[in-house]
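What follows is one structure encoded as structure tokens, with my remarks underneath.
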4 protein chains.
Amino acid sequence: MADTKANPDVKRGRPRQLSVRDAVLAGAGQLLLQAGIKGFSIEGVARLSGASKVTIYKWWPSKGALALDGFYTLVSPSIDTTLTGDVKQDLVTQVSAVLALFRDTAIGPILAGLIGEAQRDPELAAAIRERWLEPRRRCGVAILEAAQAAGHVRPDLDPTMVLDQIYGPIYLRLLVGHAPLTDDLAATLVRTILSGILASDASERQA
Amino acid sequence: MADTKANPDVKRGRPRQLSVRDAVLAGAGQLLLQAGIKGFSIEGVARLSGASKVTIYKWWPSKGALALDGFYTLVSPSIDTTLTGDVKQDLVTQVSAVLALFRDTAIGPILAGLIGEAQRDPELAAAIRERWLEPRRRCGVAILEAAQAAGHVRPDLDPTMVLDQIYGPIYLRLLVGHAPLTDDLAATLVRTILSGILASDASERQA
Amino acid sequence: MADTKANPDVKRGRPRQLSVRDAVLAGAGQLLLQAGIKGFSIEGVARLSGASKVTIYKWWPSKGALALDGFYTLVSPSIDTTLTGDVKQDLVTQVSAVLALFRDTAIGPILAGLIGEAQRDPELAAAIRERWLEPRRRCGVAILEAAQAAGHVRPDLDPTMVLDQIYGPIYLRLLVGHAPLTDDLAATLVRTILSGILASDASERQA
Amino acid sequence: MADTKANPDVKRGRPRQLSVRDAVLAGAGQLLLQAGIKGFSIEGVARLSGASKVTIYKWWPSKGALALDGFYTLVSPSIDTTLTGDVKQDLVTQVSAVLALFRDTAIGPILAGLIGEAQRDPELAAAIRERWLEPRRRCGVAILEAAQAAGHVRPDLDPTMVLDQIYGPIYLRLLVGHAPLTDDLAATLVRTILSGILASDASERQA
DNA sequence: ATATAATCGAGACGGTACGTCAAGTCTTGTT
DNA sequence: AACAAGACTTGACGTACCGTCTCGATTATAT
């Protein structure tokens, strides 16, 4: 009679029905594809998935969180590139992969929508940073740090900043649409950031 | 009726009461400041400004359009910089001004919110491009083209692309918040894009 | 330009342009026909007639008043019947005329709509009484008073009340629609009110 | 989901909160009393009752339906009269009851307003016929048919038509207001319809 | 077996905002 | 003046989601 109360660690009660989770995510992804963030609503996901609103609210803290998870059901085949050791080539390969994703699939606009939504939902913003941006940047950082170690790239530069100068234009165009995401964009961006923009002779003078 | 077609140019009817327009814009700006785009609603602007919803709907085609106009009542003192002819200095000056605007006033987040809203409102996106982005870019383009003409900057580069590589990182940070808008950002971005990131000797080799 | 300077001594200012009045009335009638009271609006009449709302408000005190005037542009050919001196026949003739008007033209439902509107507009109610109901009742009263004078109808009866018992059912059906306005309705109503409903022998006993 | 089809009869979901229904009806009734149909609005009922508009829209298909239901919360103590078998007396009793209801309570004007509203809302018209008019007419028909069976009233008459000639005047006066609903109205109407209006001797002649 | 406890669908509910319509009033310029 | 054009406020319309709150049915573990 010491403690009849069961072990609090032990899971009691009906276990979570994973099919529900999957149905919700599938519905979220589908709705995102069909209607974009503008038409994305928890109510809609509930309708599409057959799950009840309460269930969704129970497992996802916010509309944004759900949208991001739904987004990942659409993108899951992530970008893996094998590195050659050549800074320029490796950067171009990686940037091109992202660019292709944004241009050729629906996820470009959807990601833009998510970033847009993140402006009103700090949690979503954090999630996007942690789950989308950072993982992708780590490869870039790896390339650049390797190049720095090999003496190909100036050691005093912050790789993060360099990546921003490559990816920044892409996201800016994705979000604002002032210029298209062209095929040669990856090569151009990388080339410019590698060699700078100063004229050759001027470069010597300034160096 | 309506048999009086004397002069179609003549303005007939009660002229638009400008105080109403101003009140609405002031209300829009105020609401934007207080509550951000998240809390920005036509209903709210109507309440704040004392104007009726119908009037607002009459003059502004969409929530986004109103928000952008409200935004401009907050930013109107625009950025004017005197050019020296030195590429680096001129670019840093201009970028610093934008950066200061984003960091030290409330308009950074507000603009971010607007760009976010633009993801669901193509009209707003177009308006942002035309009314905010382009005007500001023109100065940058001017600086770069002058530098190209003077032979300081490679003539084969698209000035637009270069600007994207300077401003892109700023907007990316503003929108995603993965890194802060530091004081030295302007200088760093400009320096990197000018000289590139290759190590000095490597630069010579690769060139 | 002929009629613009009618007589400077008498009336000053622009004389009322009669065509406006007519246009408004025509528009009101037309709108009433097309859309019924449900779709009848001052805004609509203004659109249809080309007149401005202010003008309408100036000359008609209320929506109801305008509707009633519009109604009269549709009904103007009023009901005139020649009396024969035979109570029954004269009553049937007159009631039949009203009945035909309600059944065969659109003005039945329109009048019903006006009476409906009158429930929220006392002025309209008064106008309907004075301009529609009373004129029509006067003929009926005349018939009945003549019959009373001739000794054909009981002298102690209020002719008004008798008319109500003939027309009441018609208006009730028009307004509530629980039974149709049949062809023989006039004859039936008049016959019943003339002779009563008691069985012949019972009639003698009870009398 | 929705894999539980165990028992379709079973009530699922949060049960309807009857207090809300009652509050809405009470609010509707109250608003009807205070402001009449002119001031009756769903918005107002929502305010008064504390219920949300959406809830009201969910349960009542139209403004008219809500008004009629609100009306019934005001009249619920319906009219029951015990029949004596004497046509005249029974009719007078019943008609007097209706008359008293119209004169002495606020429901006269309210019912008039509803009938008015029914002119623009066919659903409401049908509801009024079915829920108000018909039930009340059935008693009258019963009285008349009993009298016909007993040989007191002509068997060739349509009881419905007779009732129209008694109630028609009452509703006409209620709706148009050309004459008051006096105390002796019930007796007069019934007496006239029973015996007719022909002078006694004329009656004999015409019979 | 039988509690106990969690999951889940269905749906009610108050709330906020949306975008629209018509009623009226007011203000100009034109005739 | 009379008039058209049109600006403006007010108030209600009907709709869409939001997030919270019951219910009942289901499904597991723990006595």
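By convention in this document, chain letters (A, B, ...) are assigned in the order of the sequence lines, proteins followed by strands, and residues within each chain are numbered from 1.
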Counting only side-chain nitrogens and oxygens, does [X] get under 4.0 Å of the OP1 or OP2 atom of [N]?
{"X": "Ser52(C)", "N": "dC3(F)", "value": "no"}
{"X": "Trp59(A)", "N": "dC8(E)", "value": "yes"}
{"X": "Arg47(B)", "N": "dA17(E)", "value": "yes"}
{"X": "Lys53(D)", "N": "dC13(F)", "value": "no"}

What is the distance, to the nearest angstrom, from the [atom1] atom on [X] to the [atom2] atom on [N]?
{"X": "Leu66(B)", "N": "dC18(E)", "atom1": "CG", "atom2": "C1'", "answer": "14 Å"}
{"X": "Asp121(A)", "N": "dG19(F)", "atom1": "CG", "atom2": "C1'", "answer": "14 Å"}
{"X": "Lys58(B)", "N": "dC21(E)", "atom1": "NZ", "atom2": "P", "answer": "13 Å"}
{"X": "Leu31(A)", "N": "dC17(F)", "atom1": "CG", "atom2": "P", "answer": "9 Å"}
{"X": "Lys63(C)", "N": "dA22(E)", "atom1": "NZ", "atom2": "P", "answer": "9 Å"}
{"X": "Tyr57(D)", "N": "dA17(E)", "atom1": "OH", "atom2": "P", "answer": "18 Å"}
{"X": "Glu43(B)", "N": "dC13(F)", "atom1": "CD", "atom2": "P", "answer": "15 Å"}
{"X": "Lys38(A)", "N": "dG19(E)", "atom1": "NZ", "atom2": "C1'", "answer": "12 Å"}

- Task: State, yes or no, whether a side-chain contact exists between Val24(A) and Val20(A) at a heavy-atom distance under 4.5 Å.
- Result: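 Answer yes - side chains close enough.
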- Message: Contact between Trp60(A) and Leu25(A) at the side-chain level, heavy atoms closer than 4.5 Å - yes or no?
- Response: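 With C-beta onward as the side chain, the pair touches.
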Under 4.0 Å, counting only non-hydrogen atoms across every strand here, what does [X] touch: a base, just sugar-phosphate, or nothing?
{"X": "Ala51(D)", "value": "sugar-phosphate"}
{"X": "Gly50(D)", "value": "sugar-phosphate"}
{"X": "Thr55(B)", "value": "base"}

- Query: Of all the choices, dA22(E), dC3(F), dG14(E), which nucleotide is nearest to the side chain of Val54(B) once you look at every atom?
  - Reply: dA22(E)
- Candidate nucleotides dG14(F), dA12(F), dC21(E), ranked by approach to the side chain of Ile42(D) - the nearest: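 The nucleotide sitting nearest to the side chain is dG14(F).
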- Message: For Ile56(C) and Ser62(D), find the nucleotide of DNA chain F closest to each by heavy atoms; which residue's nucleotide sits nearer the 5' end?
- Response: Ile56(C)
How close do [X] and [Y] get, heavy atom to heavy atom, and via which atoms?
{"X": "Gln119(D)", "Y": "Ile37(C)", "answer": "O-CD1, 4.1 Å"}
{"X": "Lys38(C)", "Y": "Arg120(D)", "answer": "NZ-O, 3.2 Å"}
{"X": "Leu124(A)", "Y": "Ala118(A)", "answer": "CD2-N, 3.7 Å"}

